[in-house]
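Step one of this worksheet: look at the structure below.
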Amino acid sequence: MRETRTQEFKETITNTFLKTVSAFSNYDGGTIYFGIDDDGNIKGLKDVKQACLDIENKINDSISPQPNYTLEIQNNDQTIKLTVKSGIQKPYLYKSKAFKRNDTATIEADTLELSRLILEGKNISFEELPCRQQELSFEILHRKLKEHIQIEAFNQDTLRTLNLYDNNNGYNNAAAILADTNHFPGIDIVKFGENISIIQKRATFENRSILEVYEKSIDVFRDYYQYEVIQGADREKVEKIPEAAFREAIANALIHRAWDIASQIRVLMFDDRIEVISPGGLPSRITEEEYLSGKLSVLRNRNLANVFYRLGFVEIFGTGITRIKHLYEEGLIKPDFEVSENTIKIVLPVFEKNLNLTENEQTVYKFLSKTMLKPISEIAPYVPFGRSKTTQLLKGMEQKGIVVVEGKGRGTKYILK
């Protein structure tokens with residue numbers, strides 16, 4: 001065994017474990033093993049029954065409110081397993097402080113984390129808090145409701161129905177995020193050239209309705225990843241990256257991001273891919289596996305998601321990632337999803353149809369370029385084959401008409417057709 005984010009070892013019983021009880025109660029729960037050293041070796045406790053009483057008394061006397069936990073004696077009465085569940089009465093404080101886990105360490109929660117825990121304990125989200133700015137206009141929201149669901153009348157009753165306004169508190173943060181102008185961040189888009197030192201375009205859309213931010217981001221996307229092909233009298237639109245996938249990624253970032261962080265959603269555009277990076281990580285109570293599989297959807301911003309759903313910008317809640325995967329079902333290179341504590345990144349590759357390549361050929365394909373000739377020395381080190389087998393695979397791909405070979409001998413180079 002080893003220590004993890006949700007598992008900790010204590011060779012003896014000291015008050016330091018109480019910080020971890022606070023952390024586990026405030027977030028995703030976890031387990032503390034007593035009588036085991038940091039390397040996972042069983043050292044044992046002298047009197048496990050008395051140790052259980054000591055642990056119980058320390059928790060009951062020091063953690064407020066009372067956490068949900070169980071104690072279990074293990075390993076022939078040598079060790080104790082303390083299981084702490086995530087609580088609903090957050091924050092759980094030790095010495096008037098809330099704690100969190102940072103990998104295998106327990107640290108004090110900062111001011112932002114503490115405010116989030118307080119809201120979560122009250123079952124209130126940031127978007128539901130009263131907005132500090134109460135002079136708001138909603139021309140863009142009105143226009144979108146009229147265009148997409150034929151709502152002609154627009155007044156405070158409309159805003160109440162959308163949970164954006166109430167008589168006691170006025171407009172909430174969700175209303176401000178949707179308002180024509182506001183103080184919230186938006187999206188920062190950068191289109192790179194051949195490398196990250198070459199910036200072809202930079203556009204920042206902020207302090208305005210996220211409905212407008214959403215539209216303008218799609219406009220930039222179309223400039224670089226769509227073009228028309230003339231075939232006889234017809235014009236055919238070609239998408240280098242499926243627009244539907246980009247729409248899902250942007251909508252997902254806007255309605256799931258943490259709006260209490262003054263950070264832009266970053267959209268990095270390259271010739272071969274787009275990266276959409278949103279701040280905030282996953283909401284609590286959902287794992288990375290649940291998020292990526294679409295098995296469970298926990299909405300951080302339910303009211304914003306509801307507006308996007310009513311306007312038809314997203315489909316059924318929680319299906320965004322699944323839909324992106326479906327759009328690339330026939331693609332050679334699949335989209336990638338990276339989840340960290342503070343960010344979620346979606347990578348949308350340029351769509352390439354599966355060209356009936358073998359699994360080994362697909363591996364080599366990923367390291368080839370359509371714009372740059374590459375010698376074998378720039379391909380072989382990055383694939384799990386020897387130089388000889390890589391060369392054979394490239395020859396086979398040449399015969400299939402997928403790869404073009406230029407030069408001879410040591411000067412041989414390869415490029416995608």
(message) Could you report the tightest heavy-atom contact between E152 and H142, atom names first, then the distance?
(response) O-NE2, 3.0 Å
(request) Kindly state each residue pair satisfying salt bridge (charged side-chain N to carboxylate O under 4.0 Å, His left out) with at least one member in residues 374-394, sequence neighbours excluded. (result) none
(request) May I ask you to check whether over 12 heavy atoms, not counting those of E139, lie within 6.0 Å of atom CD? (result) no
(request) For Y214, enumerate each residue passing the ring pair (Phe, Tyr, Trp, His ring centres under 6.0 Å) test, keeping only those at least two apart in sequence or located in another chain. (result) F308, F313
(request) Begin with the C-alpha distance, continue with both residues' side-chain angles, and end with the deciding distance and a verdict on side chain to side chain donor-acceptor pair (under 3.5 Å) for T16 and K10. (result) CA-CA 9 Å; T16 57; K10 294 291 183 184; 3.2 Å; yes
List the atom pairs, with distances to 0.1 Å, where a side-chain N or O of residues 83-96 and a protein N or O form a donor-acceptor pair under 3.5 Å, not counting sequence neighbours.
from, atom 1, to, atom 2, distance (Å)
S86, OG, Y27, O, 2.4
S86, OG, K90, NZ, 3.4
K90, NZ, N26, O, 3.3
K90, NZ, E120, OE2, 2.9
Y92, OH, I88, N, 3.3
Y92, OH, Q89, N, 3.1

(request) Measure the shortest side-chain to side-chain distance between N306 and R310 over non-hydrogen atoms and say whether it is less than 4.5 angstrom. (result) yes
(message) If you compare all heavy atoms of E290 against all heavy atoms of S293, which two are closest, and at what distance to 0.1 Å?
(response) O-OG, 3.4 Å
(message) According to side chain to side chain donor-acceptor pair (under 3.5 Å), does anything in residues 390-404 pair up with another residue at least two apart or in another chain? List the pairs.
(response) E361-K400
(request) Please check if atom CD1 in I196 has more than 12 non-hydrogen atoms from other residues, nucleotides or ligands closer than 6.0 Å. (result) no
(message) Quick check: closest heavy atoms across A249 and I324, and the distance to 0.1 Å?
(response) N-CD1, 4.0 Å
(request) Evaluate the criterion side chain to side chain donor-acceptor pair (under 3.5 Å) for residue pair E128 and S125; output intermediate values, then yes/no. (result) CA-CA 5 Å; E128 295 173 311; S125 63; 3.2 Å; yes
(message) I'd like to check L394 versus L368 (side-chain heavy atoms, cut-off strictly below 4.5 Å). Are they in contact?
(response) yes
(message) Counting only heavy atoms not in H148 (residues, nucleotides, ligands), do more than 12 fall under 6.0 Å from its NE2?
(response) yes
(message) So that I know where these two stand, are Y165 and F138 an aromatic pair - ring centroids less than 6.0 Å apart?
(response) no
(request) Could you tell me the separation between the CG atom of L348 and the CE atom of M269, rounded to the nearest 0.5 Å? (result) 10.0 Å
(request) To the nearest 0.5 Å, tell me how far L145 CG sits from T158 OG1. (result) 7.5 Å
Side-chain atoms of residues 406-417: list all donor-acceptor pairs with protein atoms under 3.5 Å, sequence neighbours left out, distances to 0.1 Å.
from, atom 1, to, atom 2, distance (Å)
T412, OG1, G409, N, 3.3
T412, OG1, G409, O, 2.8

(request) Can you establish whether the number of heavy atoms outside E228 located under 6.0 Å from its atom CD is more than 12? (result) yes
(message) The criterion is side chain to side chain contact (heavy atoms under 4.5 Å, CB included); which residues satisfy it with N163, sequence neighbours excluded?
(response) N303
(request) May I have all residue pairs that pass ring-ring contact (aromatic ring centres under 6.0 Å, His included) and include part of residues 106-133, sequence neighbours excluded? (result) none
(message) Please list all pairs meeting side chain to side chain donor-acceptor pair (under 3.5 Å) that have one or both residues in residues 258-274, counting only residues at least two apart or in different chains.
(response) R116-D260, K191-D271, E206-Q264, R273-E275
(message) Can you confirm whether R101 sits close enough to T6 that some side-chain heavy atom of one is under 4.5 Å from a side-chain heavy atom of the other?
(response) no
(request) For residues E8 and T104, determine if any side-chain heavy atom of one lies less than 4.5 Å from a side-chain heavy atom of the other. (result) no
(request) Give the minimum heavy-atom separation between N182 and A176, together with the two atoms involved. (result) ND2-O, 2.8 Å
(message) What I'd like to find out is whether the side chain of T181 reaches to under 4.5 Å of the side chain of N207, using heavy atoms alone.
(response) no
(request) Without swapping roles, check the side chain of S22 against the backbone of L18 for a donor-acceptor pair under 3.5 Å. (result) no
(request) Taking atom CG of N123 as the centre, report whether more than 12 heavy atoms of other residues, nucleotides or ligands fall under 6.0 Å from it. (result) no
(message) Name the residue from V267, T204, L268, I265 that meets the side-chain contact (heavy atoms from CB on, under 4.5 Å) definition with I189.
(response) V267
(message) With a 3.5 Å distance limit and no angle check, can you tell me whether Q226 reaches the backbone of F221 through a side-chain donor-acceptor pair?
(response) no
(message) Restricting to non-hydrogen atoms, name the atom on D180 and the atom on S137 that form the minimum distance, rounded to 0.1 Å.
(response) OD2-OG, 2.7 Å
(message) A203: which residues meet the side chain to side chain contact (heavy atoms under 4.5 Å, CB included) condition with it, sequence neighbours left out?
(response) K201, F205
(request) Any ring-ring contact (aromatic ring centres under 6.0 Å, His included) involving residues 344-366? Give me the pairs, sequence neighbours left out, ordered by first then second residue. (result) Y328-F351
(message) Run L136 and L178 through side-chain contact (heavy atoms from CB on, under 4.5 Å) and show every step you take.
(response) CA-CA 10 Å; L136 302 174; L178 289 160; over 6 Å; no
(message) Using a 6.0 Å cut-off, check whether atom CD of E194 has over 12 heavy atoms from anything other than its own residue.
(response) no
(request) Answer whether the closest heavy-atom distance between the side chains of L393 and V383 falls below 4.5 Å. (result) no
(request) List the steps and the verdict of side-chain contact (heavy atoms from CB on, under 4.5 Å) for L311 and L211. (result) CA-CA 10 Å; L311 294 174; L211 300 175; 3.8 Å; yes
(message) Quick one: does any side-chain atom of N102 pair with a main-chain N or O of A105 as donor and acceptor, under 3.5 Å?
(response) no
(message) Testing the basics here: between I210 and L254, what is the closest heavy-atom pair and its distance to 0.1 Å?
(response) O-CD1, 4.0 Å
(request) Side-chain contact test, heavy atoms from C-beta onward, threshold under 4.5 Å: evaluate it for L292 versus K325 and give yes or no. (result) yes
(message) Let me confirm one number: the CZ-OG1 distance from R5 to T106, rounded to the nearest 0.5 Å.
(response) 10.5 Å
(message) With heavy-atom distances below 4.5 Å as the criterion, would you say the side chains of L164 and N172 are in contact?
(response) yes
(message) To the nearest 0.5 Å, what is the distance between CD on Q133 and CG on N173?
(response) 10.5 Å
(message) Quick check for you: to the nearest 0.5 Å, what is the distance between I250 atom CD1 and S217 atom OG?
(response) 5.0 Å
(request) Output yes when a side-chain donor or acceptor of H256 lies under 3.5 Å from a complementary backbone atom of G281, and no otherwise. (result) no
(request) Return yes if some donor-acceptor pair links the side-chain N/O of Q78 with the main-chain N/O of I42 below 3.5 Å, else return no. (result) no
(request) Drop me the distance from I151's CD1 to L162's CG, to the nearest 0.5 angstrom. (result) 7.0 Å
(request) State which residues pass ring pair (Phe, Tyr, Trp, His ring centres under 6.0 Å) with F192; sequence neighbours excluded, sorted by chain then number. (result) F270
For residues 29-38, tabulate all N or O donor-acceptor pairs below 3.5 Å that involve a side-chain atom, not counting sequence neighbours.
from, atom 1, to, atom 2, distance (Å)
D37, OD1, D39, N, 3.0
D37, OD1, G40, N, 3.1
D37, OD1, N41, N, 2.8
D37, OD2, N41, ND2, 3.3

(message) Strictly distance-based, threshold 3.5 Å: is any side-chain N or O of E248 a donor or acceptor partner for the main-chain N or O of I321?
(response) no
